[in-house]
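Structure first, then comments.
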Amino acid sequence: MIQLLFTLTFVEIIVILILLFRTPLRKVEIMVLDRMKQGRGPVMAKTVAATLSAVLFSSLYSISKIQRRSVDAGAVNPTDQVLLANHLLEASLMGFSLFLALMIDRLHYYIKEIYLLRNSLSGISRPMEDYDSMKTGGADATKSSGNEKISATTTIKQPESRSIAVERAKGQG
């Protein structure tokens, strides 16, 4: 079981390193994580995490039981020392792998959020660039974005015409 936990820990570390640095593998890994989080993936991940947590608590209970036995006996048994070291290694590897799984989940979430924010900001910045180029009066900008210029002037004129109409109505009334 210890070899399996070491393998799991190293695989999780590699996944985190790929997520941290912008490499071609990052995009592939994000797609794989997206697919894993669809359908029955989250239920399976929660089941595995719950099972791993149950084994972790069992291992911690065994550690406390061995320590109590050695304190009650007064002497340290070599077999208990080996069992204690084994359970301690298993418990630390299980806890660390659960922590790394949580880190992978959060990193994936934040990378997706940053990606969506960048896309939305690029969509917002393009109209602002068009507006700035219209303000400076570039000839190319007025030709390419004539519709935006007309709509901008109509939206500005509408509130003015409404306020004038309101003032005229007040003056007559």
Side-chain angles (χ1 to χ4, degrees), residues 1-134 138 140-141 144-145 148:
M1 175 128 169
I2 292 176
Q3 291 84 10
L4 180 65
L5 288 171
F6 268 117
T7 305
L8 176 66
T9 303
F10 285 128
V11 167
E12 287 177 334
I13 289 171
I14 290 169
V15 167
I16 287 175
L17 286 175
I18 291 172
L19 281 175
L20 286 177
F21 300 108
R22 192 172 289 194
T23 61
L25 291 175
R26 182 180 187 182
K27 195 171 199 176
V28 173
E29 186 174 330
I30 289 175
M31 288 176 24
V32 168
L33 288 172
D34 284 340
R35 295 254 171 113
M36 286 175 63
K37 288 186 175 184
Q38 294 175 354
R40 295 183 181 165
V43 174
M44 187 179 72
K46 288 177 185 176
T47 304
V48 169
T51 304
L52 202 57
S53 298
V55 174
L56 172 67
F57 289 127
S58 171
S59 184
L60 290 174
Y61 178 74
S62 296
I63 289 171
S64 66
K65 198 163 91 172
I66 290 171
Q67 285 179 341
R68 260 186 277 132
R69 188 175 28 197
S70 65
V71 169
D72 290 341
V76 179
N77 189 357
T79 306
D80 285 344
Q81 283 182 342
V82 172
L83 286 173
L84 182 68
N86 190 20
H87 284 298
L88 192 60
L89 181 60
E90 280 182 1
S92 61
L93 285 173
M94 281 186 271
F96 193 57
S97 66
L98 285 171
F99 174 74
L100 289 177
L102 180 67
M103 291 297 296
I104 289 170
D105 182 51
R106 292 291 91 197
L107 277 172
H108 176 251
Y109 174 76
Y110 289 132
I111 288 171
K112 291 292 286 184
E113 283 293 316
I114 287 172
Y115 178 74
L116 292 173
L117 283 173
R118 281 185 184 160
N119 282 345
S120 65
L121 283 178
S122 67
I124 291 172
S125 66
R126 285 188 188 131
M128 291 302 286
E129 290 170 0
D130 291 341
Y131 178 72
D132 289 339
S133 63
M134 285 187 329
D140 294 337
S144 65
S145 60
E148 290 87 4

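- For the pairing with Arg118, the side-chain contact (heavy atoms from CB on, under 4.5 Å) check across Ile114, Leu116, Leu121 returns one residue only, Ile114.
- Take Arg69 and apply the salt bridge (charged side-chain N to carboxylate O under 4.0 Å, His left out) test, not counting sequence neighbours, and it matches Asp80.
- A distance of 9.5 Å separates CG of Leu89 from CD1 of Ile63, quoted to the nearest 0.5 Å.
- Going from atom OG of Ser70 over to atom CG of Leu83 covers 11.5 Å, rounded to the nearest 0.5 Å.
- Looking at heavy atoms from C-beta onward, Leu33 lies out of side-chain contact with Lys112 at the 4.5 angstrom threshold.
- Note that CG of Leu100 is 4.5 Å distant from CD1 of Ile16, once rounded to the nearest 0.5 Å.
- In terms of heavy atoms, Gly95 sits closest to Leu56 at N-CD1, 4.1 Å.
- Between Leu8 and Leu4 there is no side-chain heavy-atom pair separated by less than 4.5 Å.
- For the atom pair Leu88 CG and Leu60 CG, the distance stands at 9.0 Å (nearest 0.5 Å).
- Residue pairs meeting the side-chain hydrogen bond (donor to acceptor under 3.5 Å, both in side chains) criterion with at least one partner in residues 5-15, sequence neighbours excluded, are absent.
- Geometrically, Arg106 engages Tyr109 in a cation-pi contact, judged by NZ or CZ lying under 6.0 Å from the ring centre and within 45° of the ring axis.
- With contacts defined as side-chain heavy-atom distances shorter than 4.5 Å, the pair Asn86/Ile2 qualifies.
- Rounded to the nearest 0.5 Å, atoms CD (Glu29) and OG1 (Thr23) are 8.0 Å apart.
- Smallest separation of non-hydrogen atoms from Ser53 and Leu98: OG-CD1, 3.6 Å.
- Smallest separation of non-hydrogen atoms from Glu90 and Leu5: O-CD1, 3.9 Å.
- Put simply, the side chain of Tyr110 does not reach to within 4.5 Å of the side chain of Leu19, judged on heavy atoms.
- Within the model, atoms NE2 of His108 and CD of Glu113 stand 10.5 Å from one another, a figure rounded to the nearest 0.5 Å.
- In this structure, His87 and Ser59 approach most closely via the heavy-atom pair O-OG, 3.0 Å.
- When side chains are defined from C-beta on, Lys37 counts as touching Asp105, because their heavy atoms get closer than 4.5 Å.
- A donor-acceptor distance shorter than 3.5 angstrom exists from the side chain of Ser62 to the backbone of Ser58, with no hydrogens or angles considered.
- Residues Tyr61 and Ser64 are in side-chain contact: their nearest non-hydrogen atoms beyond the backbone lie under 4.5 Å apart.
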